[in-house]
Amino acid sequence: MSDISKDLLKQLNPEQAKAVAIIDGPVLVFAGAGTGKTRVITFRIANMILHGIKPQNIAGMTFTNKAAQEMRERLDKLVERGDSRKVFLGTFHSFCCRVLRKDIKALGFGTNFTIADDSDQAGVMKQAIVEAGFDKTEIGPEVCISFISRAKGKMMTPQDVSRAAESEIEIKVGQVYERYMQILYNQNMLDFDDLLLLTVRLWQDHPDILERYNEQYTHLLVDEYQDTNFLQFQLIKLLAGKNRNICAVGDDDQSIYGWRGADMKNILDFASHFPKSKEIKLEQNYRCTNNILKAANCVISRNAERCAKELWSKCGQGEKIKIIRAESDEEEARYVAEAIFDTIAGDPGTQYSDFAVLYRSNHQSRLFENSLRDAQIPYRLVGSKSFYERREIRDAIAYLKLAVNPKDDQSFLRILSVPPRGIGDKAIDSLKKLQHITFTPYAELIGHDEFLKDLTGKAGSGARNMYATLKKWREQFSEPGNLSDKTMAYLKDLNFIEGILKLYKDREEAERRRDNIYELVNAIASYERGASSPPMLLEFLETYALYDDSDKVDEDEEKKKNSVTLMTVHAAKGLEFSYVFIPGMEHNIFPHERAMQEGTCEEERRLFYVALTRARKNVHLVHTRSRMRYGKTTIQRPSEFIHDIPEDISESLQSAAAFKPLDEEELKDAWAALYSIGEKK
DNA sequence: GCCGCAGGATTTTTT
DNA sequence: ATCCTGCGGC
Ligand SMILES: Nc1ncnc2c1ncn2[C@@H]1O[C@H](COP(=O)(O)OP(=O)(O)OP(=O)(O)O)[C@@H](O)[C@H]1O
């Protein structure tokens with residue numbers, strides 16, 4: 001064993017070292033939160049490279065880009081930068097996208113496929129429902145999207161779904177599924193699940209191609225293995241190939257993606273899936289204080305379906321878990337901002353990046369954005385695509401997509417009247433009819449005489465103009481590079497930016513939206529700067545589809561680094577922070593009411609376990625007495641999860657901003673008094 | 001065909 | 001509270 005290798009192993013405990021030292025054959029690291037599973041993966045990659053495995057032969061799979069990025073940063077500290085870059089580290093989806101760009105031809109698709117984002121998917125699904133002959137009151141697009149996604153996760157074709165259908169609705173979904181696939185295919189689009197599904201199909205149907213990948217990726221590592229679904233398992237099994245050099249790490253207690261088809265059996269049955277595998281358990285937690293660990297353990301041990309684990313930590317007792325009751329949701333947000341401010345004031349060693357606010361659902365972020373902004377605390381909103389979900393941004397992106405993929409009818413319909421071109425419902429109907437006969441994409445049809453001959457002067461010139469402009473820019477964009485300049489010119493040429501200023505009557509709003517477009521152009525520019533060679537527009541759009549806006553290459557990296565993090569608990573998996581705030585600790589919010597209806601309380605509990613174990617030093621649980629929901633004030637009651645935390649390791653604090661709240665009895669009296677005043681008058 | 005307004009739904013969680 | 005849809009007047 002080389003000295004460097006010994007050095008590596010010295011930074012690990014004996015069990016971790018054991019997992020790292022094994023290079024060949026299947027290994028499962030099955031261990032609780034903060035025990036260093038991810039550390040094992042990165043050290044293991046470093047150790048492999050030291051032992052002569054070529055970095056380009058190693059693939060590390062994660063579920064989120066953040067996790068991949070984090071892993072890359074850790075790996076950079078262990079091996080030469082040049083070597084680190086050659087290791088594949090990314091999500092399953094980005095891995096599969098790479099594979100398909102190269103080899104999808106074998107399945108009869110074009111290599112220039114585009115990836116359907118959420119809004120494309122919703123649009124195609126709506127269309128599929130109509131074309132399958134149903135009404136949207138009969139069967140909603142959301143239901144179809146989630147059902148079909150799960151079906152794909154089980155590798156079921158539309159025919160399989162129809163055959164297995166046990167209810168009226170499932171029969172319908174089967175038919176919608178069939179149409180849905182057809183529409184995507186016609187538009188040369190793949191949805192997220194297709195990326196995985198088609199990769200598996202490609203490898204199953206073309207052993208020669210699989211062999212090539214088996215040769216390229218000889219060593220495979222998978223993080224968060226408990227969150228894999230059947231499809232991902234198939235992918236892993238195929239990629240691991242005959243030599244089965246696979247290392248999976250995971251924790252059944254952190255399985256939080258059951259709702260999208262993740263199957264804990266994959267991790268529980270690892271030994272039978274990969275015979276003669278080695279299993280390694282880790283018990284020392286290096287992250288949390290014992291109070292946090294104990295709280296987390298009390299919470300998770302209430303779940304019936306789990307493998308019990310003994311976790312211990314040398315991080316000391318630590319502070320008690322803080323439980324705060326706030327009067328309202330606004331006060332909750334104010335409290336968090338104040339607590340962050342006070343903590344930093346009291347301890348100059350802390351910085352903003354030591355703090356995270358972890359909530360159950362995305363919409364909760366809004367109040368914290370406001371309160372942090374008011375308190376002048378820099379924050380970073382992670383895991384949302386909020387920037388890319390703005391209307392004007394989506395419109396601009398639709399134009400870009402159309403320049404890459406003229407078959408993209410969804411994007412075409414989106415921007416047909418942005419800006420207005422005199423083409424309305426009647427003309428769209430005639431487009432649809434023509435498409436039925438000619439099977440030609442809309443963007444093509446608007447240049448054809450069959451369509452143009454029935455149009456009024458204004459609509460006709462609008463259509464001709466649009467056709468010519470799209471055609472011109474499609475050619476421009478078929479060359480790589482200069483993306484931001486070309487985008488700007490393209491959008492100007494379309495009168496798109498001018499259109500925004502006209503569309504929004506409110507001057508300020510119009511200018512804000514225009515500035516958003518400039519920001520998009522900037523994002524494209526910084527993407528280009530980060531690319532090793534002049535990129536194609538297609539590549540930028542792929543990044544847009546597969547990553548979220550926190551992955552945007554950042555100009556002011558430093559400022560971003562020193563910010564409070566706002567994100568969902570799901571997005572926080574695998575990360576750690578010294579101070580963690582968990583707001584909305586209320587019945588119906590966390591656990592979420594929908595989860596309770598669906599009977600997935602154990603998963604909610606695991607989610608809370610994940611949230612707690614993100615903290616190194618300190619956890620604040622905040623619940624409110626009342627909260628605005630759907631524009632109405634509702635009375636909230638504390639989450640049952642709070643009661644699972646023993647009193648000797650928790651303390652209740654009153655929000656400083658709160659005056660003494662009334663209890664229910666006093667409240668009733670107060671109302672009665674008010675009413676009687678009204679009556680006397 | 002465009003634009004403005006009223007009424008309705010909307011909040012899990014992600015690639 | 002806010003975003004989207006559908007209807008009706010211009
Ligand atoms: N042997 C070790 N020596 C020092 N620090 C360690 C050791 N093992 C892990 N750590 C530290 O403990 C923390 C948690 O490690 P890591 O993120 O790898 O755990 P994990 O098991 O992946 O956690 P989770 O499942 O909760 O995401 C990290 O800060 C890591 O650097």
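Each chain gets a letter, A, B and so on, in the order its sequence line appears, and its residues count up from 1. Bear in mind the structure is a predicted one, so any value in this text is a computation, not a measurement.
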**Q** From the options dT15(B), dC4(C), dT13(B), select the nucleotide whose nearest atom is closest to the side chain of R260(A).
**A**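 Among the listed nucleotides, the one closest to the side chain of R260(A) is dT15(B).
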**Q** Do F590(A) and Y359(A) make the cut of ring centroids closer than 6.0 angstrom?
**A**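 Here the rings of Y359(A) and F590(A) have centres that are no less than 6.0 Å from each other.
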**Q** What residues form a salt bridge (charged side-chain N to carboxylate O under 4.0 Å, His left out) with R360(A), not counting sequence neighbours?
**A**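 Result, salt bridge (charged side-chain N to carboxylate O under 4.0 Å, His left out) vs R360(A): E604(A).
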**Q** For T64(A), give me all partners under side chain to side chain contact (heavy atoms under 4.5 Å, CB included), at least two apart in sequence or on another chain.
**A**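 With neighbours one apart ignored, the set is K66(A), A67(A).
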**Q** Nearest-Å distance, CG (L367(A)) to P (dT2(C))?
**A**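 The answer, rounded to whole Å, is 11 Å.
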**Q** Output the rounded distance in Å from OH (Y388(A)) to C1' (dT14(B)).
**A**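 In whole Å, dT14(B) C1' and Y388(A) OH are 17 Å from each other.
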**Q** Kindly say whether the aromatic ring centers of Y379(A) and F368(A) come within a distance under 6.0 Å.
**A**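 No, the ring centres sit 6.0 Å or more apart.
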**Q** Using a cut-off of 4.0 Å between protein heavy atoms and nucleotide atoms, how would you tag nucleotides 1-8 of chain B 5' to 3' with B, S and -?
**A** SSSS----
**Q** With a non-hydrogen cut-off below 4.0 angstrom, is E598(A) in contact with a base, only sugar-phosphate, or nothing?
**A**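 Base, at least one base atom sits under 4.0 Å.
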**Q** The side chain of F192(A) lies closest to which of these nucleotides: dT14(B), dT13(B), dT15(B)?
**A**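 Nearest to the side-chain atoms of F192(A), counting from C-beta on, is dT15(B).
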**Q** Side chain of T568(A), heavy atoms from C-beta onward: which of dT11(B), dT5(C), dT14(B) has the nearest atom to it?
**A**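 Between dT11(B), dT5(C), dT14(B), the one nearest the side chain of T568(A) would be dT14(B).
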**Q** Just jot down the side chain to side chain donor-acceptor pair (under 3.5 Å) partners of H592(A), sequence neighbours excluded, or say none.
**A**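 In terms of side chain to side chain donor-acceptor pair (under 3.5 Å), with neighbours along the sequence ignored, H592(A) is linked to no residue.
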**Q** What is the distance, to the nearest angstrom, from the OH atom on Y359(A) to the C1' atom on dT11(B)?
**A**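 Atom OH in Y359(A) sits about 13 Å away from atom C1' in dT11(B).
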**Q** Got a sec, which residues hit side chain to side chain donor-acceptor pair (under 3.5 Å) with S365(A), two or more places apart in sequence or on another chain?
**A**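 With sequence neighbours excluded, S365(A) shows a side chain to side chain donor-acceptor pair (under 3.5 Å) to E369(A), given in chain and number order.
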**Q** Return the stacking result for dT13(B) and Y257(A): yes when the ring centres lie under 5.5 Å apart and the planes under 30°, no otherwise.
**A**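 A stacking contact does not exist, since Y257(A) is not both close and nearly parallel to the base ring of dT13(B).
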**Q** When the distance from CZ of R391(A) to P of dC3(C) is rounded to whole Å, what number comes out?
**A**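 Rounded to whole Å, this separation is 10 Å.
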**Q** Which word best sums up how the rings of H620(A) and F581(A) line up, parallel for under 30°, tilted for 30 to 60°, or perpendicular for over 60°?
**A**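 Answer is parallel, since the angle falls under 30°.
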**Q** Taking side chain to side chain donor-acceptor pair (under 3.5 Å) as the definition, give me every residue that meets it alongside T38(A), ordered by chain and number, with sequence neighbours left out.
**A**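 Listed in chain order: nothing, the list is empty.
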**Q** Quick one: list whatever passes side chain to side chain contact (heavy atoms under 4.5 Å, CB included) with T633(A), sequence neighbours left out.
**A**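 For T633(A), the residues satisfying side chain to side chain contact (heavy atoms under 4.5 Å, CB included) (neighbours in sequence not counted) are S626(A), M628(A).
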**Q** Using atom CD of E330(A) as one end and atom P of dA1(C) as the other, report the distance to the nearest whole Å.
**A**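 Going from CD in E330(A) over to P in dA1(C) covers 10 Å.
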**Q** Could you tell me whether the phosphate oxygens of dT14(B), OP1 or OP2, come under 4.0 Å of any side-chain nitrogen or oxygen in N362(A)?
**A**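 Looking at the OP1 and OP2 atoms of dT14(B), one of them is under 4.0 Å from a side-chain N or O of N362(A).
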**Q** What are the residues of residues 91-98 of chain A, sorted by number, that bring a heavy atom to within less than 4.0 Å of DNA chain B?
**A**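 Result for residues 91-98 of chain A: T91(A), H93(A), sorted by number.
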**Q** Given that E142(A) and T64(A) both sit by DNA chain B, which one's nearest nucleotide is further toward the 5' end?
**A**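 Mapping each residue to its closest nucleotide by heavy atoms, the 5'-most match is E142(A).
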**Q** With salt bridge (charged side-chain N to carboxylate O under 4.0 Å, His left out) as the rule and sequence neighbours excluded, what pairs involving residues 409-425 of chain A come up?
**A**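 Qualifying pairs: D395(A)-R414(A).
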**Q** When you measure from the side chain of H363(A), which nucleotide among dC4(C), dT15(B), dT11(B) comes out closest?
**A**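 Out of dC4(C), dT15(B), dT11(B), the nucleotide with an atom closest to H363(A)'s side chain is dT11(B).
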**Q** Which residues pass the salt bridge (charged side-chain N to carboxylate O under 4.0 Å, His left out) test with D120(A), not counting sequence neighbours?
**A**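 If we apply the salt bridge (charged side-chain N to carboxylate O under 4.0 Å, His left out) test to D120(A), skipping adjacent residues, the hits are K401(A).
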**Q** Nearest whole angstrom, please: distance from the P of dT13(B) to the CD of E603(A).
**A**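 In whole Å, dT13(B) P and E603(A) CD are 13 Å from each other.
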**Q** Please tabulate, one pair per line, each protein N/O and nucleotide N/O from nucleotides 6-10 of chain C that are separated by under 3.5 Å, including the distance.
**A**
residue, atom, partner, partner atom, Å
dG6(C), OP1, K136(A), NZ, 3.3

**Q** Could you state the OH-C1' distance from Y630(A) to dA1(C), rounded to the nearest angstrom?
**A**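 Those two atoms, OH and C1', are 12 Å apart.
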**Q** For N495(A), what residues pass the side chain to side chain contact (heavy atoms under 4.5 Å, CB included) criterion, not counting sequence neighbours?
**A**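 N495(A) satisfies side chain to side chain contact (heavy atoms under 4.5 Å, CB included) with P419(A), E498(A) once adjacent residues are dropped.
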**Q** To the nearest Å, give me how far apart CZ (R627(A)) and P (dT11(B)) are.
**A**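 These atoms are roughly 17 Å apart.
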